[in-house]
Amino acid sequence: MRSHSFKHSPANPEPLSARVERIIRRFGFEGVHVSSDQSWHVTLTGIVDDVNDRALLVAIARTTPGVTVVRSEITVSKPNLTDIPS
């Protein structure tokens with residue numbers, strides 16, 4: 001009997017964008033939308049408070065099984081205090 005090996009895990013019936021969005025909701029990010037235009041690519045859009053939140057969202061998306069590319073179009077609503085000229 002021949003053994004089959006698969007490069008990717010078995011297909012999840014939940015769309016990739018829905019999976020990522022469900023996970024980020026657990027972290028309390030309600031104003032962020034996730035879309036997927038290619039098999040393993042997701043795009044994050046929306047508004048967050050600061051660059052740390054944006055970085056966290058990108059990290060969550062990147063570590064979601066099935067995601068290989070993350071594009072962030074997230075807007076930061078509050079400037080980083082170190083970016084404000086003195």
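Using a 4.5 Å heavy-atom threshold, the side chains of F27 and I60 count as touching. Considering only heavy atoms from C-beta on, I74 comes within 4.5 Å of L57 through its side chain. Counting heavy atoms from C-beta on, the side chains of T68 and H41 come closer than 4.5 Å.
With sequence neighbours excluded, the residues forming a side chain to side chain contact (heavy atoms under 4.5 Å, CB included) with A18 are E14, P15, listed by chain and number.
Of all non-hydrogen atoms in A61 and V70, the two that sit nearest each other are CB-CG2, 3.8 Å. Annotation for S39 and L16: closest pair O-CD2, 3.4 Å, computed over non-hydrogen atoms.
One finds the CZ atom of F29 at 13.5 Å from the CD1 atom of I47 (value rounded to the nearest 0.5 Å). Expressed to the nearest 0.5 Å, how far CZ of R19 lies from CD1 of I24 amounts to 13.5 Å.
Contacts classified as side chain to side chain donor-acceptor pair (under 3.5 Å) and involving residues 42-67 (residues at least two apart or in different chains) are given here: T43-R71. The salt bridge (charged side-chain N to carboxylate O under 4.0 Å, His left out) pairs that include a residue from residues 28-39 are R25-E30, where partners are two or more places apart or lie in different chains.
Looking only at distances, no side-chain donor or acceptor of S36 sits under 3.5 Å from a matching main-chain atom of S17.
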